[in-house]
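Here's the structure we're looking at; comments come further down.
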Amino acid sequence: MGQSFNHQVYDIVRRIPAGCVATYGQVAALAGKPRNARMVGYALHANPEPGVIPCHRVVFRDGSLAPGFAFGGPDRQRALLESEGVVFTGARAQGNAGAEGLRVDLSRCQWRA
DNA sequence: AATGTGACTGGTA
DNA sequence: GTACCAGCCACAT
């Protein structure tokens with residue numbers, strides 16, 4: 001049942017509390033596949049229940065956001081997270097989303113199961 | 001069945 | 001500090 005992983009991802013992301021974020025690798029690990037961080041992103045892209053699954057609370061390991069596939073823009077994602085009380089830092093990240101220039105302060109807002 | 005791609009990550013330049 | 005590259009695993013064509 002390969003769908004289990006997918007379903008697990010949704011279930012895990014769904015229980016991330018507001019004001020906190022989780023990394024793709026973290027969700028993947030909780031789902032039982034620590035190497036499938038990429039698959040997590042893929043699963044969230046499928047997002048069967050938008051509005052129910054807070055995929056905006058899932059970020060890169062460095063705290064940076066997706067380059068441009070999210071909800072209508074990483075700016076939208078950042079606004080949403082800030083609205084929930086997530087703290088951002090004004091530093092740039094790796095070549096992934098440096099254009100956006102902001103990273104979540106994982107030290108303070110990363111979710112713990 | 002094989003090749004290419006990717007909402008990732010860690011390591012290196 | 002940032003930028004780029006290679007490795008990884010599952011899905012799409």
Side-chain angles (χ1 to χ4, degrees):
Chain A
M1 316 247 291
Q3 293 183 325
S4 293
F5 175 73
N6 213 299
H7 180 72
Q8 289 270 43
V9 171
Y10 300 138
D11 194 29
I12 292 164
V13 173
R14 196 180 310 155
R15 55 198 242 212
I16 298 173
C20 294
V21 298
T23 69
Y24 292 95
Q26 184 179 353
V27 175
L30 291 172
K33 306 248 187 241
R35 267 70 184 181
N36 289 29
R38 248 168 162 158
M39 212 292 100
V40 174
Y42 217 90
L44 290 178
H45 187 200
N47 199 349
E49 305 185 76
V52 180
I53 301 172
C55 26
H56 59 274
R57 292 181 191 146
V58 184
V59 300
F60 281 144
R61 199 62 166 104
D62 296 2
S64 48
L65 310 178
F69 282 87
F71 334 88
D75 180 62
R76 173 79 176 162
Q77 185 175 7
R78 182 181 65 74
L80 224 57
L81 290 170
E82 278 190 315
S83 181
E84 293 182 345
V86 175
V87 181
F88 278 74
T89 158
R92 289 181 181 270
Q94 294 186 357
N96 294 322
E100 300 308 323
L102 288 179
R103 293 182 307 171
V104 176
D105 187 348
L106 294 175
S107 307
R108 182 160 153 73
C109 298
Q110 184 170 29
W111 174 56
R112 302 161 198 195

Open item on the list: Are A:V27 and A:F5 connected into the same hydrophobic cluster when the rule is that any two of I, L, V, M, F, W, Y join if their side-chain heavy atoms are below 4.5 Å apart?
Closed with: yes
TODO: Give the rounded distance in Å between these two atoms: CZ of A:F5 and P of B:dA7.
DONE: 15 Å
TODO: Rounded to the nearest angstrom, tell me the gap between atom CE in A:M39 and atom P in B:dT5.
DONE: 18 Å
Task: Between CG on residue A:L106 and CZ on residue A:F60, distance to nearest 0.5 Å - done: 12.0 Å
Open item on the list: Quick check: do A:K33 and A:Q8 have side-chain heavy atoms less than 4.5 Å from each other?
Closed with: no
Open item on the list: Rounded to whole Å, how long is the line connecting atom CZ of A:R61 with atom C1' of B:dA7?
Closed with: 16 Å
Task: Closest non-hydrogen atom pair, A:S64 against A:V59 - done: O-CB, 3.6 Å
Task: Heavy atoms of other groups near A:R76 CZ, more than 12 under 6.0 Å - done: no
TODO: Among the candidates C:dA12, C:dC9, B:dA7, find the nucleotide nearest to the side-chain atoms of A:Y42.
DONE: C:dA12
Task: Close approaches to DNA chain B from residues 104-113 of chain A, in residue order (heavy atom, under 4.0 Å) - done: none
Open item on the list: How many whole angstroms separate atom CG of A:N6 from atom P of C:dA12?
Closed with: 10 Å
Task: Value in whole Å for how far the P atom of B:dA7 lies from CZ of A:R57 - done: 22 Å
Open item on the list: Using a 4.0 Å cut-off on heavy atoms, which residues in residues 24-33 of chain A reach DNA chain B? List them by number, or say none.
Closed with: A:Y24, A:G25
- [ ] Please report the shortest heavy-atom distance between A:A37 and A:A28, naming the atom on each side.
- [x] N-CB, 3.7 Å
Task: Gap between atoms CG and P, on A:L44 and B:dC8 respectively (whole Å) - done: 10 Å
Open item on the list: The side chain of A:A37 is closest to which nucleotide in this list: B:dA7, C:dC9, B:dC8?
Closed with: B:dC8
TODO: Verify the cluster assignment for A:L44 and A:Y42: are they in a single hydrophobic cluster under the rule of side-chain heavy atoms below 4.5 Å apart?
DONE: yes
TODO: Any side chain to side chain donor-acceptor pair (under 3.5 Å) involving residues 20-31 of chain A? Give me the pairs, sequence neighbours left out, ordered by first then second residue.
DONE: A:Q26-A:Q110
- [ ] Answer yes if A:F88 and A:V21 sit in the same cluster of Ile, Leu, Val, Met, Phe, Trp and Tyr residues linked by side chain heavy atoms under 4.5 Å apart, and no otherwise.
- [x] yes
Open item on the list: Expressed as a whole number of angstroms, how long is the span from A:L65:CG to B:dA7:P?
Closed with: 14 Å
Open item on the list: Let's see if you can work this out: which of B:dA7, B:dG10, C:dC9 has an atom nearest to the side-chain heavy atoms of A:F60?
Closed with: B:dA7
TODO: Nearest whole angstrom, please: distance from the C1' of B:dC8 to the NE2 of A:H45.
DONE: 15 Å
- [ ] Classify the side chain of A:R38 and the base of C:dG7 as holding, or not holding, a donor-acceptor pair under 3.5 Å.
- [x] yes
